[in-house]
Protein chains: 2
Amino acid sequence: MTPAKPVRSPSGRITLREVARELGVSVATVSNAYNRPDQLSAELREKILDTARALGYSGPDPLARSLRRGRSGVIGVVYDAPLEYAFADPAAALFLGSVAHAIQDSGLNLLLLAGADDPRADPLAPVVSASVDGFIVYCAADSALLRAVLGRGLPTVLVDQHPGSHDAVGIGIDDATGARQAARHLLDLGHRHIGALCLELGPQRLSGPVSAEREAAVVHRPTAERLRAYRDEVRAVDGARLYPTEAARNTPAEGRARTLELLRAQPQVTAVLCMSDVLAQGALRAAQELDWPVPQRLSVIGYDDLPSSAALNLTTVWQPTADKGRQVGEALLDLLAGRPARELTLPTRLVVRGTTAPAPASPSPTDSP
Amino acid sequence: MTPAKPVRSPSGRITLREVARELGVSVATVSNAYNRPDQLSAELREKILDTARALGYSGPDPLARSLRRGRSGVIGVVYDAPLEYAFADPAAALFLGSVAHAIQDSGLNLLLLAGADDPRADPLAPVVSASVDGFIVYCAADSALLRAVLGRGLPTVLVDQHPGSHDAVGIGIDDATGARQAARHLLDLGHRHIGALCLELGPQRLSGPVSAEREAAVVHRPTAERLRAYRDEVRAVDGARLYPTEAARNTPAEGRARTLELLRAQPQVTAVLCMSDVLAQGALRAAQELDWPVPQRLSVIGYDDLPSSAALNLTTVWQPTADKGRQVGEALLDLLAGRPARELTLPTRLVVRGTTAPAPASPSPTDSP
DNA sequence: CTGTTAGCGCTTTCAA
DNA sequence: TTGAAAGCGCTAACAG
């Protein structure tokens, strides 16, 4: 039953060489048994595979094979925030799922490379020392990280930061159009005091009202584009004002906290533009706690149109999250194959549901009879 | 500005050797510049690093380094379902986030290894050919996959399938206790016709009512444990009946569909035990659509206690999802360090909130005045 | 402090 | 069909 004691390599691991020695064949033949079945007789192959199994050899060492072949079959996904956070965002999860789906058939897998959690650790280390064939950089506002990625000189797709540099292809969405439609929608409904719950403005991730200076210097591209679109629309309407607030994290809890803060400081606000559905969820909860009925007393608009948002009847800006993931995956596949990949901007559009309604009558001058 | 044209290796990639040659130092010195700064003068190190940068060398090749060192710094996370699905489950996301957090400080990263999406592809390939130092197997009911993992002979932690084999340490939760409490709670409230929305029974992932034979042969451990606990409690009460249904996927949509189906076929049901909060969300939606007020007409209990479930006021079974992730990560760290890791079963307990209430009065005999 | 050397385990021409 | 040999790019003794 038990096979003859194998000759162990000094590492203690069984190698292809030992299998070859055991059978009295050459290493090339054993390698072929695994990699080119057509290069040897079926029976010899069987015998080799059997012996290997009996020796406890589970196939060629992936690391050595990768080194030799020059490809690892791994794509690094770079996130500029702790992973726990990445996973907590349903939009990010959906996106990553689609990327995975797109590259899976090519035998590639995703390696999660997180921004460091521990400030003492070198945040660039994971990116510098990951064995990958290419990178997908998701929302890396931290340019040091991005520079480290580009320094590797590997095929890279930059998500939501398009246009990319000429070292990476950028794929993202039309942030401004959806945001513009959302703001327009509220203004058309008569809202004049509009809050804006923003995603991070830059790597610092502050919480609270955004000053004019900080608004002028937003680093995070999606935030910048959307906020500018809100601002442009609001500026175009006489007497309309925008109250931007930064949410340090994209979570319902943070959305709730910022909304409560905002509505307390600016009770004249009748509508809130949120830069994610997750934040909008928090805004909805805050309204509930304050007993501000939605949409009668407060209108809320999200961004992303998560699958769960339909059930909440949330008015929001739709973006093709899953399609974006697929496009990103395919662009990377192109790059890896030596084909060129095109920059891409995917559409967004407002989806009107039940969380927006005309502004409540206010003490300010109106032109109704 | 531009450095002298480097001597390119045949591969087209710049190597440590070329950097050494360029400076007239040995490869060991260059290697030391990166790996043991204390082994050479600071100025020489600076010069080496500068030259390397100028040549476009971004540091030692991770693959070669890993081969040489015998460690890749990567942990494979094995999922028995398509990744898109894994990402869509908030409990899974939370769990993975905690695992990532736990191992991150040790310089390890997570490689996502999904069950094949494409039935033509070899589902074992990713597991067999991944360059990893260890595995975390999450809910791998598919024993072929698990066998492939164990065949690699690497440190492995088995999640929610404890006790593990003696080749892997198992870490999971006390599935039965929470389930028992949930069922008991409903029975105490007077419910006698209770639906059970089950997670997958086995790898086939069917949708619909569960026959007695299938109930007796559940493969997926968490489902088996919980269903048995429900069954035991229900059996202990005279006149109580359980109506188990399998949900093929752990999504709100599937939960909604199965609940509608169940309530139509068995309108006498007054409560539903769900094996996840995600399924419970679907059940809640179904009740809303049918105009069955919760909890007056229908009681609903979930499982997991997701962060979002408090807001839904959902009665549910709490499990320490994040802590489980941490424990799994630490167990793997122990294994990697050659330390033994202990099997672990984490507690669960019922959290009563607002989606459960006494059973509505029914035409069946009661002992009320 | 620096250089020489021997592999890590495998794949792949090239010859037999 | 099979085997011998040359590295993939790097690290870690060890010797100087």
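In what follows, chains are A, B, ... by sequence order, proteins preceding strands, each numbered from 1. On a predicted model such as this, the values are computed, not experimentally measured, just so you know.
Under the 4.0 Å criterion applied to side-chain N and carboxylate O atoms, A:Asp334 and A:Arg342 are not assigned as salt-bridge partners. With respect to B:Asp323 and B:Arg326, a salt bridge is recorded, a charged nitrogen being found less than 4.0 Å from a carboxylate O. A salt bridge does not link A:Lys47 with A:Asp50: every distance from a Lys NZ or Arg NE/NH1/NH2 to an Asp or Glu carboxylate oxygen is 4.0 Å or more.
Tested against B:Val77 for a side-chain contact (heavy atoms from CB on, under 4.5 Å), the candidates B:Val159, B:Val99, B:Leu112 yield a single pass: B:Leu112.
When heavy atoms are screened at a 4.0 angstrom cut-off, B:Leu40 is found touching the sugar-phosphate backbone but no base atom. Residue B:Arg36 is classed as a sugar-phosphate contact, given heavy-atom separations below 4.0 Å to backbone atoms only. At a threshold of 4.0 angstrom between heavy atoms, the contacts of A:Ser66 with the nucleic acid are absent. Across all strands, B:Leu63 comes closer than 4.0 Å to no nucleic acid atom at all (heavy-atom distances). Contact annotation for B:Tyr34: no contact, since no heavy-atom pair falls under 4.0 Å across all strands.
Nearest-nucleotide positions on DNA chain C place B:Gly24 closer to the 5' end than the other of B:Gly24 and A:Asn32.
OP1 or OP2 of D:dT11 lies within a sub-4.0 Å distance of a side-chain N or O belonging to B:Ser31. Taking only side-chain nitrogens and oxygens, A:Arg17 never comes nearer than 4.0 Å to OP1 or OP2 of C:dG9.
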